[in-house]
A.B. asks: 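Sending over a structure as structure tokens; questions will come in a sec.
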Amino acid sequence: MTSVQTADKSGRRHQPLLRVEGLRTEYRSDGGTITAVDNVTFDVRRGEVLAIVGESGCGKSATAMSIMRLISPTAGRIASGRVLFDRDEESVDLLLLDESAMRSVRGQHISMIFQEPMTSLNPIHQVGDQVAEALLAHGLANRREAWDRAVTMLGKVGIAAASERARDFPHQLSGGMRQRVMIAMALMCHPKLLIADEPTTALDVTVQAQILDLLLSLKESQGMSVMLVSHDLGVVAETADRVCVMYAGQVVELAPVRELFANPLHPYTRGLLESLPRISDAKERLTVIPGSVPNARRFPDGCRFHPRCGLTRELACSGNRPVTDGVLARCIRDVDGQQGGSPTLQEAEPEHFVACWEVPARQDNQPESAHV
Amino acid sequence: MSEAMTSTGRESTPTASPLLRVRDLKTHFPIRKGVLSRVHANLRAVDGVSLDVATGETVGIVGESGCGKTTLGRTILRLTPATSGSIHFDGHDVLSMSSSTLRRVRRDMQIIFQDPAGSLNPRMTVASIVGEPLMIHRIATGRNMSERVAELLEKVGLTGDDLHRYPHEFSGGQRQRIGIARAIALNPKFIVCDEPVSALDVSIQSQVINLLADLRGEFGLSYLFIAHNLAVVRHFCDRIAVMYLGRIVESASAANIFASARHPYTMALLSAVPEPDPQRKRSRIVLRGEVPSAVDPPTGCAFHTRCPFATDICRSETPPLTGKTGLSDDHIVACHHADELLQFPASTDHVSASGGDTL
């Protein structure tokens, strides 16, 4: 909080565009509530690509949907936290806005694109109308102007013969073209933040390369920030400036991209990187993370990764640490001896945050660690 | 004819007597239109594929969606009828065999699907899913069967306690293990793996790939491994065939495909794969456009519409799939300009990156 206010005075360049603080999102289910997003904190800085990476069910999409406040009230709710967004030179908490103010933020200031463009486009409207709709909805142009600007934008996202393609219906376009249309829709109002939820997962690698190149060049030309949600570490390595790794609803590591890939500190991140088969080196056998992604209905107590953690087992076997049931006592109990607490995100190296009991926090500069 | 081939083959080289031999295979799907549903056009999913898989060998098929890789796998198992060509498996002519022979031969050729949730019957317990092939082929019943099923489950990393559970009680990775247990139940010689890890989480993929590799070692299995993830294919396969619009455009040992790809499509495909290493900046060949329709494929070389090196001959003549000077014997390419393209390596990085491997 204080950091935000001081930044306000000292100039806006160092203030993040978006700051998510202690976000907690719950879904209702037959067996009670599921905490899909649990105390998640991170920033998206101006002009950067922040990647949120994790496996299915780790809460990365739920985090994106919570920022946009697109969690259906019948399915779940945002239980606590703040989403501070710098809207027109003023920091607002998106979670406190009324629905009409939020609607003007969506599309105009923050846009989102999804994995499957076919289900996000309306099959019975021409794509030009759908792209133009954002301008009309926010009252930023009349019909003719909106159409013309839609055609221009379709050209910008690399659609050839845009004025003719604008009259096509979604089914007449290929998957890559549809994703380009989605991007055009998202960029119509020149948003400051684009949230891209697995934008290339449904596409072939050659088309994926086209779309990623397009996103990066648009990020530069439009001067926007991108929050990229992905499960693909290759995509993340090639596009992100900073990476936020999620596991079981929590952020476990956050670092600049080169630092993360060169020096992963969390055992989960390390395991993920080691388990990838790589084109450039042929290994006999792949390293594996044992077990499977935990079900959100019953996350493990303590550090949620401990049942699959190689470091824990290694240290437990060494015998000079307190052990309970074959696991390091600290991994299933927090510092106060309470069962169930997970480690919090601490700065272990400059700009490199990790949530693991076994990775020591940086000694100097401790207070900084509270503000990512 | 096939007898003659295999017997002469055995004397020369082991690759001359492949377990599976596919020649000029075509699978076309008719597109019908109008009240009389006349055949209006043909979708040429597989359009003249020749391929060998030796005993114990793993051949990878890569290519973008719509290139015909899945149809090829299904046609080889006769799950989809072929239009023309020949398939010989273990000395049998697969396309002309009677249904009773087919049933017997199918014991030896199995398939693992991409989506483990969609390929397992939700109303059947694991015991009956894995036991079904044993029952159909009358290999085991009663007590014998449950013992055999429990044994299979242990092979794939599940336990006998899982016997009476239903597919929905398992995670994606475990469901794929059930699919694998079912596929190996009859001790097959050959398994078509159709994108076996694409639907799985990253941390689970490596577990399943290691399992498939263990089974290959233990039972001497041959795999036709269909995938779009090139890193996985590189890791797992002995040989790789790259498909584009129903045809194989390049085929070589896994190491050679990555070290000295000669077809522009292979180069583009390799350069498009994002590598999990932010230090590495690569020159990328970004292809324009997408795979054209297989209903009306381009004339000549089907790739010419997207190829940065295409010339007139590419638009008029279909290039044959042959060896080229300077390439190893098992490396074949279908490109008119493959010899000239030696000067345009896909990315110097790939060549240097694979330079340390034993090629």
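All figures in this text were calculated on a predicted structure; none of them were measured in a lab. By convention in this document, chain letters (A, B, ...) are assigned in the order of the sequence lines, proteins followed by strands, and residues within each chain are numbered from 1. Worth knowing before you read on, the calculation uses all heavy atoms, side chains too, and leaves out hydrogens, waters and symmetry mates.
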A.B. asks: What closest approach, in Å, do B:Ile204 and A:Gly291 show between heavy atoms, and which atom pair accounts for it?
C.D. replies: CD1-O, 3.5 Å
A.B. asks: Minimum heavy-atom separation for B:Ala272 to A:Thr206, with atom names?
C.D. replies: CB-CA, 4.0 Å
A.B. asks: Is the shortest side-chain heavy-atom distance between A:Leu276 and B:His235 below 4.5 Å?
C.D. replies: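 A:Leu276 vs B:His235: side chains apart.
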A.B. asks: For the backbone of A:Ile289 and the side chain of B:Gln207, can you confirm whether one donor and one acceptor N or O come within less than 3.5 Å of each other?
C.D. replies: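 Checking the backbone N and O of A:Ile289 against the side chain of B:Gln207, a donor-acceptor pair under 3.5 Å is found.
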A.B. asks: Provide the closest heavy-atom pair for B:Pro276 versus A:Phe261 in the form atom of the first, atom of the second, distance.
C.D. replies: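 Smallest heavy-atom distance, with atoms named: O-CD2, 3.4 Å.
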A.B. asks: What heavy-atom pair brings A:Ala262 and B:Gln279 nearest, and what distance separates the two atoms?
C.D. replies: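 A:Ala262 and B:Gln279 have their closest heavy atoms at CB-NE2, 4.3 Å.
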A.B. asks: Please classify the contact of A:Asn295 with chain B as side chain, backbone, both or neither, using a heavy-atom distance under 4.5 Å.
C.D. replies: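 Neither part.
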A.B. asks: Looking at every non-hydrogen atom in both residues, tell me the closest pair between B:Ser65 and A:Asp204 and how far apart they are.
C.D. replies: OG-OD2, 2.7 Å
A.B. asks: Rounded to the nearest 0.5 Å, what separates atom CG in B:Asp277 from atom CG in A:Leu233?
C.D. replies: 11.5 Å
A.B. asks: Based on non-hydrogen pairs under 4.5 Å, which of A:Val207, A:Leu260, A:Asp232, A:Val236 is most in contact with chain B?
C.D. replies: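 With the most close heavy-atom pairs to chain B, the winner is A:Val207.
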A.B. asks: Below 4.5 Å from any heavy atom of chain A, which atoms of B:Leu230 appear? Answer side chain, backbone, both or neither.
C.D. replies: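 The answer is both parts of B:Leu230.
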A.B. asks: For chain B, which of A:Ala209, A:Ala240, A:Pro290 has the most heavy-atom pairs under 4.5 Å?
C.D. replies: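 Looking at each of A:Ala209, A:Ala240, A:Pro290 in turn, A:Ala209 comes out on top.
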A.B. asks: Taking all non-hydrogen atoms of both residues, which atom of B:Val202 and which atom of A:Ser275 are closest, and how far apart?
C.D. replies: O-OG, 4.2 Å
A.B. asks: Is it true that B:Gln174 and A:Ser292 share a donor-acceptor pair across their side chains at a distance under 3.5 Å?
C.D. replies: no
A.B. asks: Quick one, A:His231 and B:Asp201 - any side-chain contact, counting heavy atoms below 4.5 Å?
C.D. replies: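 Side chain of A:His231 against side chain of B:Asp201, heavy atoms only: no contact under 4.5 Å found.
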A.B. asks: So for A:Gln208, is it side chain, backbone, both, or neither that comes closer than 4.5 Å to the heavy atoms of chain B?
C.D. replies: side chain
A.B. asks: Looking at B:Ile209, B:Asn229, B:Asn210, which one has more heavy-atom pairs under 4.5 Å with chain A than the rest?
C.D. replies: B:Asn210
A.B. asks: Looking at B:Glu64 and A:Val205, would you say the former's side chain and the latter's main chain have a donor-acceptor pair under 3.5 Å?
C.D. replies: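 Side chain of B:Glu64 to backbone of A:Val205, a donor-acceptor pair under 3.5 Å: no, none is there.
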A.B. asks: Would you compute the distance between atom OG of B:Ser203 and atom CD of A:Glu274 and round it to the nearest 0.5 angstrom?
C.D. replies: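 Nearest 0.5 Å value for the OG-CD distance: 13.0 Å.
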